[in-house]
2 protein chains.
Amino acid sequence: MAANSQFAIAVHILTVLAKAGEGNNVKSDYIAASVNTNPVVIRRLLGDLNQSKLVVSQTGANGGTRLAKCPKEINMADIHKAISCGKTFALHRQTNDDCPIGKNIQCVLEKLQVEINDVVEAKLAQFSLQSVLEAVEEVGCKKGKVLN
Amino acid sequence: MAANSQFAIAVHILTVLAKAGEGNNVKSDYIAASVNTNPVVIRRLLGDLNQSKLVVSQTGANGGTRLAKCPKEINMADIHKAISCGKTFALHRQTNDDCPIGKNIQCVLEKLQVEINDVVEAKLAQFSLQSVLEAVEEVGCKKGKVLN
DNA sequence: CATAACTGTAATAACTTTAGTTACAAATAT
DNA sequence: ATATTTGTAACTAAAGTTATTACAGTTATG
């Protein structure tokens with residue numbers, strides 16, 4: 001599939017901030033090194049996270065970014081909404097109005113899309129940033145531990 | 001977001017076949033006209049649907065494609081699986097192993113991905129091709145009717 | 001208060017993915 | 001035999017995503 005990795009990077013960013021601890025500024029350069037990308041990519045995502053009040057940034061010397069709330073109060077759905085990374089599947093372009101199917105399928109698909117989006121967000125809401133941080137620190141996956 | 005529209009087109013294709021009725025071959029040209037794309041795009045997707053035994057195709061004069069089962073026995077999850085249209089979100093590329101977060105976040109995200117995928121498929125499984133066809137024929141959306 | 005260290009963001013380039021097209025071999029009804 | 005239709009390869013075009021460069025604006029700190 002298509003798929004940009006912005007949500008994955010955003011989770012990564014916030015996990016780094018959570019690990020840094022409350023009130024500690026982390027620089028985009030540091031995060032970029034962990035994610036292995038360019039600092040500008042990080043700063044752009046931080047902009048979105050900022051708008052959603054998940055993080056607070058500070059310009060100037062000794063600046064950086066820190067969490068705006070504690071990791072228990074941030075969940076994966078918050079992040080998913082902050083990064084407008086959209087839909088599980090895309091609609092197709094303009095269909096043929098002369099065909100009874102082509103004419104109406106789009107709006108049926110749209111409804112389906114909404115239903116899917118709802119269950120995705122509900123599921124994402126079950127995982128807090130805190131739990132992700134813990135899973136990462138415990139290298140939970142190697143032990144087969146499931147997130148929660 | 002990214003997102004290809006293959007799933008949407010596949011649903012469209014199968015809805016056209018469902019409307020055509022059991023045992024009736026439909027040509028890729030006809031479907032392409034409804035979807036408003038090139039017949040080859042349709043034939044490629046039909047190939048996937050064929051492999052998943054959702055449709056049967058016939059080459060030669062008077063050939064075409066028809067459903068392999070009745071529309072009540074096909075659901076949106078079947079289609080989603082047939083079109084390997086993947087994940088709700090993409091992972092990011094190689095992270096930095098020297099960072100404790102970078103080193104382990106990938107596999108935590110993978111698990112999350114699996115959980116999300118599961119709820120998506122479970123939800124998709126609730127909608128049969130039959131119900132989609134009915135919704136399209138009733139122009140369900142204009143009436144605010146929800147799929148089911 | 002000058003300086004160095006940061007963020008924010010625009011502009012743009014490089015890369016990747018997706019969709020569309022052309023072309024033609026193989027199959028088959030009539 | 002012939003016309004039709006699928007299946008698929010090869011290629012082009014378009015769109016989307018990520019990476020990079022550059023620099024203006026902010027601020028801690030000596």
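Owing to the predicted nature of the structure, the values given are computational and were not obtained by experimental measurement. By convention in this document, chain letters (A, B, ...) are assigned in the order of the sequence lines, proteins followed by strands, and residues within each chain are numbered from 1.
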Student: Taking atom P of D/dT20 as reference, at what distance in whole Å does atom CD1 of A/Ile42 sit?
Tutor: 12 Å
Student: Encode nucleotides 1-9 of chain D as B, S and - characters from 5' to 3', where the letter depends on protein heavy atoms closer than 4.0 Å: B to the base, S only to sugar-phosphate, - to neither.
Tutor: ---BBBBBB
Student: Could you tell me if the side chain of B/Phe127 sits less than 4.5 Å from the side chain of B/Asn75, heavy atoms only?
Tutor: no
Student: When the distance from CD of A/Gln6 to P of D/dA19 is rounded to whole Å, what number comes out?
Tutor: 10 Å
Student: Quick one: A/Arg93 CZ to C/dT18 C1', roughly how many Å, whole number?
Tutor: 12 Å
Student: Report yes if a side-chain nitrogen or oxygen of A/Thr37 is closer than 4.0 Å to either non-bridging phosphate oxygen (OP1 or OP2) of D/dT18; otherwise report no.
Tutor: no
Student: Counting only heavy atoms not in B/Glu110, do more than 12 fall under 6.0 Å of its CD?
Tutor: yes
Student: Look only at the side chain of A/Asn36 and the backbone of B/Gln94, and say whether a donor-acceptor pair between them is shorter than 3.5 Å.
Tutor: yes
Student: Between the main-chain N or O of B/Gly102 and the side-chain N or O of B/Thr95, is there a donor-acceptor pair closer than 3.5 Å?
Tutor: yes
Student: Short question: side chain of A/Asp78, backbone of A/Ile74 - any donor-acceptor pair under 3.5 Å?
Tutor: no
Student: For A/Ile13 and C/dT7, give me the distance from atom CD1 to atom P, rounded to whole Å.
Tutor: 12 Å
Student: Taking CG from A/Asp48 and P from D/dT18, how many angstroms apart are they, rounded to a whole number?
Tutor: 13 Å
Student: Could you state the atom-to-atom distance from CG of B/Asn38 to P of C/dG20 in whole Å?
Tutor: 8 Å
Student: Distance-only, no hydrogens or angles: does the B/Gln106 side chain make a donor-acceptor pair with backbone N or O of B/Arg93 under 3.5 Å?
Tutor: yes
Student: In whole Å, I'd like the distance from the CD atom of B/Gln94 to the P atom of D/dT18.
Tutor: 16 Å
Student: Write down the distance between CZ (B/Phe89) and C1' (D/dG16), rounded to a whole number of angstrom.
Tutor: 20 Å
